[in-house]
Amino acid sequence: MSIDGSNYFDINDILSTQQRLPCKVEMPIYRLGYLDSSSESEHLQPGTKLELPFWMARALCSRKRHIVSVDLPKQYKEGYREIFSADPTMVDLHKLGPYFYNYGSQLLQFELPETPDVAKSLLQTFQGRLRKIMDSSQNCFNEDTSKLVEKLDESERILFKEGQQALNDFQCWETRKTEKLKTSEMVKNHRKRKRVVLEET
Amino acid sequence: MLAEKALDLLRELQRTLDGSLPPYNEDGIRQILEEMKALFEQNQKDVSATVAGENGLFSGVQLRHSALERNKRCLLAYLYNRLEQIKKMRWEFGSVLPPEVKFNMCEQEVQWFSKYNKMLANYMRSIGGEGGLDLTQDLKPPKTLYIEVRCLMDHGEFETQDGNILLLKKNSQHFMLRSECEHLIRQGILEHIVH
């Protein structure tokens, strides 16, 4: 997490902190009225409601300062939490995310009254879905998995890919394919791209 | 919204990281730096106004400051991830990068790459006794000294360690020292034949 700055350079972390969440302005912010496209005023007045990206909200709302107050995005609110607890495996987390867990755990930093419930719900959702993800990553070999992967959040996709890779490597080892030297994947991808460019021109 | 351009830069980078390096987006970086400069100047103005006695400007300063930090983070991440990619390419493509990749690098990146190359070569020479140790070889444990390979494209003549000259022509097959042809296999010029 970026809390300790260890993945300061991580693109996924940067993208996940870009998602917007509903905020309410508590103190006047002068000369930044253009951030709220629905109003003409030059300043942001207290009481204005607007959506700010997470990183900005985080800087403006903490224990020390209270320039805006934040609210949870709807996919972390009670209504959705109930759906998750009913059957986590059916939800399309990619549509609600795509960095559902990462973003959710960042939201915990705001220390809202609902925070403990959100944390619990995130954990339970993950636990509920993990089994199915692992199961299918180990069992659909040479099969179209796009339907299944479609509904996974980004971090779940990484897990799924790892599982498939492991299965693949194991099969290669069983059939003694590991000794064969292969072209590096990067070189292959590079060639493919080059070919596409050549065909287009 | 603030810092939107910096994000576009990263998105563009992320899309193409699987096998190539996107062109160094000088224009995008310049625009971000301009945005940062404008934010910084506005902040300076507000701070001096506060020192002069005006009240309530603090929140705006805070907001702009967060945008500055965000822009900084995005820019640094952009540069860092490109460097990581270039470093990875050294191990995948070998010490000479394909011209299209080189073309997409900026001046400083080219310099960095040649320095990295030099450092890696020096290090590999310094370890493993007399002749050094090539770390980019034998990524998988070798089973035999010689292997059979087939050419996938015309590569021209190739001089082996014992002085023979092989003509690497498309579809021709050779029996070569593993250590000599591993790089050519990784670069997709030869194919390893396993029976």
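First the proteins, then the strands, lettered A, B, ... as listed; each starts at 1.
Heavy atoms from other residues, nucleotides or ligands lying under 6.0 Å from CD of B:E100 number more than 12. Within a 6.0 Å sphere centred on NZ of A:K188, other residues, nucleotides and ligands contribute more than 12 heavy atoms. Applying the 6.0 Å contact sphere to CD of B:E26 captures no more than 12 heavy atoms from other residues, nucleotides or ligands. For B:M153, the CE atom is densely surrounded, since the number of other residues' heavy atoms within 6.0 Å is greater than 12. In B:F103, the CZ atom is not crowded: 12 or fewer heavy atoms of neighbouring residues, nucleotides or ligands sit closer than 6.0 Å. The local environment of NZ in B:K140 is crowded, with over 12 non-hydrogen atoms from other residues, nucleotides or ligands closer than 6.0 Å. B:N122 CG: more than 12 foreign heavy atoms inside a 6.0 Å radius. Under a cut-off of 6.0 angstrom, the local environment of CH2 in A:W173 is sparse, with at most 12 non-hydrogen atoms contributed by other residues, nucleotides or ligands.
Side-chain contact between B:R186 and A:M186: absent, with no pair of heavy atoms (C-beta onward) separated by less than 4.5 Å. Using a 4.5 Å cut-off on side-chain heavy atoms (C-beta onward), B:Q42 and A:R31 make contact. Side-chain atoms of B:E191 and A:K182, non-hydrogen and from C-beta on, never get closer than 4.5 Å to each other. Looking at heavy atoms from C-beta onward, A:R65 lies in side-chain contact with B:F58 at the 4.5 angstrom threshold. Looking at A:D13 and B:R73, their side chains come closer than 4.5 Å, going by heavy atoms from C-beta outward.
For the set B:I185, B:V194, B:I189, the entry with the most heavy-atom pairs within less than 4.5 Å of chain A is B:I185. Between chain B and the options A:L60, A:N12, A:V25, A:I14, heavy-atom pairs under 4.5 Å are most frequent for A:I14. Counting heavy-atom pairs under 4.5 Å between each of A:V68, A:D10, A:L44, A:L15 and chain B puts A:L15 at the top. Among B:E69, B:E84, B:R64, the residue making the largest number of heavy-atom pairs under 4.5 Å with chain A is B:R64.
The contact between A:L32 and chain B is made entirely by side chain atoms (from C-beta outward), counting heavy-atom distances below 4.5 Å. If you measure heavy-atom distances from B:Q62 to chain A, the contacts under 4.5 Å come from both the backbone and the side chain. For B:L2, the parts lying near chain A are the backbone and the side chain together; criterion is any non-hydrogen pair under 4.5 Å. Heavy atoms closer than 4.5 Å to chain A are found in both the backbone and the side chain of B:T16. Of the two parts of A:E26, neither the backbone nor the side chain holds a non-hydrogen atom closer than 4.5 Å to a non-hydrogen atom of chain B. Using a 4.5 Å cut-off between heavy atoms, B:E4 touches chain A through its side chain atoms alone. For B:P141, no part sits under 4.5 Å from any heavy atom of chain A, backbone or side chain. Only the side chain of A:R191 comes within less than 4.5 Å of a heavy atom in chain B; its backbone stays farther off.
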*Assess whether side chain to side chain contact (heavy atoms under 4.5 Å, CB included) is satisfied between A:Y30 and B:D46, documenting all intermediate values.*
CA-CA 10 Å; A:Y30 294 106; B:D46 277 8; 5.9 Å; no
*Decide side-chain hydrogen bond (donor to acceptor under 3.5 Å, both in side chains) for A:H190 and B:E92; before the verdict, give the C-alpha distance in whole Å, the side-chain angles of both, and the deciding distance to 0.1 Å.*
CA-CA 11 Å; A:H190 181 75; B:E92 304 273 344; over 6 Å; no
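Note: B:Y80 and A:F9 have parallel aromatic rings, judged against thresholds of 30 and 60 degrees for the angle between ring planes.
For the pair B:S59 (side chain) and A:P28 (backbone), a donor-acceptor distance under 3.5 Å is present. Between the side chain of A:K180 and the backbone N or O of B:I193 there is no donor-acceptor pair closer than 3.5 Å. In this structure, the side chain of B:R70 does not engage the main chain of A:M56 through any donor-acceptor pair within 3.5 Å.
Here the OG-CZ distance, from A:S184 to B:F93, works out to 6.0 Å after rounding to the nearest 0.5 Å. For the atom pair A:I11 CD1 and B:L10 CG, the distance stands at 5.5 Å (nearest 0.5 Å).
Scanning all heavy atoms of the two residues, the minimum distance from B:G60 to A:I29 falls at CA-CG2, 3.6 Å. A pairwise comparison of heavy atoms in B:Q187 and A:T183 identifies C-CG2, 4.1 Å as the closest pair.
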